[in-house]
> 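First the structure, which I've put down as structure tokens, then a few questions once you've had a look.
Note that the coordinates shown come from a computational prediction; the quantities given were computed from them, not determined experimentally.
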Amino acid sequence: AQMVAGLTIGRKKYAAVDGEMKAIASEAAALAHELSALVKRDSAAYTLVSNAYKMPKDSPENVVARDAAIQRALMTATEVPLETARAAASVAALAARCAAKGNTNAASDAGVAALLADAACKGAAYNVRINIASMNDKSAAAEFAAEAKQLAAKAGASVAEALVIVEAQIG
């Protein structure tokens, strides 16, 4: 999306959307930075979960401490992919806007951006769902699941919109 916006900015043919494309390029760059940071946070969250499951359970006190650590770690391991899904859904929306208004010579790139963002969002939603399955707080788990489902649907709608436009542009 950032690339398509960049290929649109400064072109006479797209002067009417120059400001919007500059904003998209900026937002896409910020999202790329955020998603990169989330990769590292996701790895750290997995380590928290793994370490919590390795805690000793040789006494009642240790069992309680282990269970609490697992639940805290699962919360973190759920929040990070949920943030990833939010960012990916935003990227999918930007890609759809680029497909609609961006440089038509880069239409396929806008489509690829939408497809990748949709896959990232759905993958992150899967990670939310796998983590909430082991959470004791079923109310929080249900909220996480509902938001993940909503974000996956939002990304899906953006990719569908983008693909209709891309298909029309590339024939």
> Short question: side chain of Thr47, backbone of Ser43 - any donor-acceptor pair under 3.5 Å?
yes

> Search all heavy atoms of Val128 against all heavy atoms of Ala145 and return the closest pair with its distance.
CG1-N, 4.5 Å

> Show the nearest heavy-atom pair for residues Gln2 and Ala25, with the distance to one decimal.
CG-O, 3.8 Å

> Any donor-acceptor pair under 3.5 Å linking the side chain of Thr8 with the backbone of Val4?
yes

> Mark yes when over 12 heavy atoms from residues, nucleotides or ligands other than Lys138 sit less than 6.0 Å from its NZ; otherwise mark no.
yes

> Are Ile70 and Leu48 connected into the same hydrophobic cluster when the rule is that any two of I, L, V, M, F, W, Y join if their side-chain heavy atoms are below 4.5 Å apart?
no

> What distance do Asp42 atom CG and Thr84 atom OG1 have between them, rounded to the nearest 0.5 Å?
6.0 Å

> Using the salt bridge (charged side-chain N to carboxylate O under 4.0 Å, His left out) rule, pick out the option among Glu79, Glu34, Glu83 that qualifies with Arg41.
Glu83

> How far apart are the closest heavy atoms of Ala107 and Gln169, and which atoms are they?
CB-OE1, 2.8 Å

> Could you state the interatomic distance from CD (Glu161) to CZ (Arg97), rounded to the nearest 0.5 Å?
10.5 Å

> For Pro81 versus Asn127, what's the shortest heavy-atom pair and its separation?
CB-CB, 3.8 Å

> Taking CZ in Arg66 as the centre, count heavy atoms belonging to other residues, nucleotides or ligands within less than 6.0 Å. Is the count above 12?
yes

> Verify, without hydrogens or angle tests, whether Asn131 (side chain) and Leu74 (backbone) share a donor-acceptor contact under 3.5 angstrom.
no

> Heavy-atom count around Lys101 NZ within 6.0 Å, excluding the residue itself: above 12?
no

> Does the side chain of Phe144 come within less than 4.5 Å of Ser139's, by heavy atoms?
no

> Contact between Asn105 and Leu7 at the side-chain level, heavy atoms closer than 4.5 Å - yes or no?
no

> Can you list the other members of the hydrophobic cluster that holds Val91, where links are side-chain heavy atoms under 4.5 angstrom apart?
Ile9, Tyr14, Val17, Met21, Ile24, Leu31, Leu35, Leu38, Val80, Leu94

> If you look at every heavy atom in Ala124 and Ala85, which pair is closest and at what distance?
CB-N, 3.7 Å

> Would you call Leu82 and Glu147 a side-chain contact if the rule is heavy atoms closer than 4.5 Å?
yes

> Same hydrophobic cluster for Ile130 and Tyr53, using side-chain heavy-atom links shorter than 4.5 Å among ILVMFWY?
no

> Kindly compute the distance separating CE (Met135) from CE (Met75), expressed to the nearest 0.5 Å.
3.5 Å

> Measure from the side-chain N and O atoms of Arg11 to the backbone N and O of Asn103, and report whether any donor-acceptor pair falls under 3.5 Å.
no

> What closest approach, in Å, do Ala152 and Ala125 show between heavy atoms, and which atom pair accounts for it?
CB-CB, 4.5 Å

> Are Met3 and Leu116 grouped together when hydrophobic residues (ILVMFWY) are joined by side-chain heavy atoms under 4.5 angstrom apart?
no

> Out of curiosity, Lys13 NZ to Asp18 CG, how far, rounded to the nearest 0.5 Å?
15.0 Å

